[in-house]
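Take a look at the structure set out below.
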Amino acid sequence: MASALHVLKRLVLGRPVRSDRLRETLLPKRLALPIFASDPLSSVTYATQEILLILSLGGLALLHLTPWVALAVVVLLAVVVASYWQVVHAYPSGGGSYEVVARNLGRDPSLVVAAALMVDYVMTVAVSVAAGVDNLVSAVPALYPQRVWISLVVVVLLMAVNLRGIRESGRAFAAPTYLFVAAIGLTVAVGLGQVAAGHPPVAESAGWGIRPEQVDVTGLALIFLLLRAFSSGCTALTGVEAISNGVPAFRPPKDVNAGRTMIIMGILAIGLFSGVTALAMISGVRVANNPCDLIGFPADCHSTGQRTVIAQIAGAVFGVNSVLFFVVQAGATLILLLAANTAFNGFPMLGSLLAQRRYLPRQLHTRGDRLAHSNGIVVLGLIAIVLIAAFEGSVTGLIQLYIIGVFTSFTLSQVGMVKHWNHLLATGDAAHRARYHRSRLVNAVGAVLTATVLGVVLITKFTHGAYLVVIAIPLLYLLMRAIHRHYGDVRRELEPEADGMTLPSRVHAVVLVSTLHKPTLRALAFARANRPDTLTALTVNVDEADTQLLRSEWERHGIGVPLKVVDSPYREITRPAIDYIKRIRREGPRDLVCVYIPEYVVGHWWENLLHNQSSLRLSWRLRFEPGVLVVSVPWQLDSSHLRDVDRIHHVPGHTRRGITPPTP
């Protein structure tokens with residue numbers, strides 16, 4: 001079974017990579033763009049749709065406000081991209097928002113940011129995969145009933161690809177990302193060309209009506225609905241910070257390459273989002289949260305989903321059954337499914353940094369066989385699977401939880417950068433003061449805008465599910481504080497005493513005996529070789545006949561070690577043995593008791609069920625006794641030769657897991 005698992009692992013992950021080849025996994029810009037920018041680019045497929053879905057609550061009357069809402073999103077996106085470009089150059093060691101806040105605002109705000117980012121990364125996976133499957137269903141409606149299972153399978157596949165390493169995932173995701181950019185870019189260019197030629201595209205839903213959920217929306221109600229639409233459109237900003245988190249993954253010069261990638265990502269995201277929104281308005285796209293609210297919807301609204309905005313635009317420009325329509329849908333589906341890759345790179349890196357600083361379990365800092373942070377990848381994937389299953393793959397339901405974490409980290413990061421520039425203005429080179437002032441202004445504007453959006457999101461989405469994130473972020477913050485406190489307590493507890501190491505007064509060796517056989521004799525020999533002050537063989541009297549037989553065998557072989565028999569009226573082995581060892585400790589509190597336990601080494605997993613059960617229970621219980629040392633004395637049965645260590649292929653990571661390579 002073990003070899004089968006090893007073969008499966010190698011098929012999924014590939015060959016292990018040596019630690020000294022970490023530099024070879026660093027990314028050029030052409031691979032870094034699809035890895036770190038797939039999330040903000042993919043939001044082009046649903047950001048416009050989310051704006052239209054909210055405005056459609058008022059029927060057709062409010063759809064003319066879509067361009068103004070989209071313009072506000074574009075302005076905010078440009079400011080945030082400029083702000084994080086400065087973060088990349090100011091903090092090239094990575095960590096992004098967390099690192100900025102930790103250095104400038106202190107520990108507690110940085111942990112809030114870390115918690116918000118972790119929530120954001122989890123939601124990125126869940127929302128991106130669910131939205132990608134929705135686009136797939138738009139092209140192949142027959143798959144609608146299986147959309148949840150398809151989403152779960154996609155998450156598992158993404159985990160497997162990322163476990164193979166950053167560079168491998170970059171190669172796998174480069175083509176779909178560039179296909180999406182080319183497909184949407186072509187759609188926008190052709191669509192606007194048709195408008196210029198006097199033949200604007202017409203969406204399949206252009207003639208439909210929308211049954212309003214809110215009638216006569218004016219005054220404060222109108223402002224509230226516009227703010228809600230704006231907050232939904234701000235999903236276009238998700239993932240913008242990923243490049244600043246992953247600067248260490250770039251080739252040198254890291255900050256320069258990361259900064260250029262950030263600019264390219266911003267230009268593409270703004271251009272594609274603006275183009276899609278313009279074509280949606282020109283072609284007359286109509287969407288609603290519930291297809292049954294669409295007046296004129298041609299299919300059964302209870303069993304059939306409506307096409308996405310991207311699908312309707314592609315159908316209007318190229319024709320629903322054209323090759324280019326399916327190319328656009330393929331690109332949109334792939335970019336959404338693979339946009340989760342941004343989180344699969346950002347979450348493990350952030351988790352590794354937090355684990356290194358003792359805010360998360362140390363296992364998240366360890367690199368796997370392919371030099372990826374494997375444990376972080378697996379944890380992220382499993383949580384995303386639970387969320388997708390819980391919300392039944394609903395993008396509308398999941399997206400309500402999405403951007404609170406994003407804008408929490410945005411806001412605190414911008415405030416931290418303002419403090420960073422203030423420090424440089426007070427202590428830095430006077431020749432650069434003008435640049436520092438400009439940079440501070442950019443971050444100050446970004447802080448005000450993102451804080452405003454955060455407030456809007458909290459107000460407009462709180463009752464729609466966002467309260468779950470408001471609960472999750474403080475819980476994660478408290479968990480990280482508790483983990484850090486635990487590590488600190490353990491470190492202080494384990495610090496050496498000022499007067500050095502105290503040697504035990506005496507050493508008592510106790511060999512546990514059930515039968516007189518070769519393993520028992522080996523344990524007695526090992527114990528005697530260590531020259532203890534006292535040596536005792538201990539057996540528990542569970543069956544009187546067996547105990548008498550052991551005594552007679554002990555005398556017949558002339559074992560020169562006293563055999564101590566303790567009674568067990570309730571036929572229990574562990575408690576009487578523990579009580580005897582405790583008595584030794586009470587008589588000499590400064591003494592050390594070494595308990596030698598013979599154990600069988602077997603070659604098959606099922607043999608463990610037949611042997612060593614009593615010794616395992618006893619050794620586990622003895623670990624909690626102070627002043628007691630448990631020594632396992634192995635006896636290799638013939639079946640153990642099937643697992644000869646000389647036959648185990650040593651790979652990187654074995655030493656970390658306790659597997660020692662054979663000596664040549």
Side-chain angles (χ1 to χ4, degrees), residues 40 71-92 94-120 227 230-231 233-245 247 258-259 262-263 265-266 269-270 346 350 402-428 432-461 466 469-470 473-474 477:
L71 178 61
V73 172
V74 166
V75 171
L76 181 61
L77 178 56
V79 172
V80 171
V81 168
S83 299
Y84 275 97
W85 180 86
Q86 296 185 158
V87 171
V88 165
H89 289 280
Y91 296 95
S97 298
Y98 169 75
E99 191 70 15
V100 171
V101 176
R103 293 196 185 187
N104 294 286
L105 301 182
R107 183 187 68 173
D108 289 342
S110 72
L111 292 182
V112 172
V113 167
L117 284 173
M118 286 190 285
V119 171
D120 173 38
L227 290 175
F230 172 65
S231 66
C234 286
T235 53
L237 278 73
T238 56
V240 169
E241 80 288 347
I243 292 176
S244 66
N245 292 333
V247 176
M262 175 76 75
I263 293 173
M265 178 210 68
I270 290 173
L350 177 62
Y402 200 2
I403 58 177
I404 288 181
V406 178
F407 280 91
T408 299
S409 62
F410 281 175
T411 301
L412 289 175
S413 174
Q414 302 312 307
V415 173
M417 286 300 294
V418 170
K419 188 172 181 180
H420 168 79
W421 298 122
N422 286 339
H423 176 73
L424 289 181
L425 283 169
T427 62
H432 297 96
R433 291 183 63 84
R435 181 170 65 85
Y436 295 158
H437 278 294
R438 288 195 302 270
S439 298
R440 184 177 64 174
L441 178 62
V442 170
N443 287 121
V445 172
V448 172
L449 291 180
T450 54
T452 302
V453 174
L454 177 60
V456 169
V457 171
L458 284 172
I459 294 171
T460 59
K461 292 183 177 291
V469 177
V470 175
I473 290 177
Y477 164 80

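As the structure is a computational prediction, the values presented were derived from the model and not from experiment. All heavy atoms count here, side chains included; hydrogens, waters and symmetry mates do not.
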Find out whether [X] and [Y] are in side-chain contact, i.e. whether some heavy atom of one side chain is under 4.5 Å from a heavy atom of the other.
| X | Y | result |
| --- | --- | --- |
| Val100 | His420 | no |
| Met417 | Tyr84 | no |
| Trp421 | Leu441 | no |
| Val88 | Trp85 | no |
| Val112 | Thr408 | yes |
| Ser413 | Val87 | yes |
| Val240 | Phe410 | yes |

Rounded at 0.5 Å granularity, tell me how far [atom1] in [X] sits from [atom2] in [Y].
| X | Y | atom1 | atom2 | value |
| --- | --- | --- | --- | --- |
| Met265 | Leu77 | CE | CG | 7.0 Å |
| Leu425 | His432 | CG | NE2 | 12.0 Å |
| Ser110 | Leu105 | OG | CG | 8.5 Å |
| Lys419 | Arg103 | NZ | CZ | 14.0 Å |

Polar contact flag, side-chain donor to acceptor under 3.5 angstrom, [X]-[Y]:
| X | Y | value |
| --- | --- | --- |
| Tyr436 | Asn422 | no |
| Glu241 | Ser97 | no |
| Arg440 | His437 | yes |
| Tyr91 | Asn104 | yes |

* side chain to side chain contact (heavy atoms under 4.5 Å, CB included) partners for Leu458, two or more places apart ->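 Here the qualifying residues are Ile404, Leu454, Val470.
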
* To do: Check each of Thr450, Leu412, Val456, Thr452 against Phe407 using the side-chain contact (heavy atoms from CB on, under 4.5 Å) test, and report the only one that passes.
  =>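 Result for side-chain contact (heavy atoms from CB on, under 4.5 Å) with Phe407: Thr450.
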
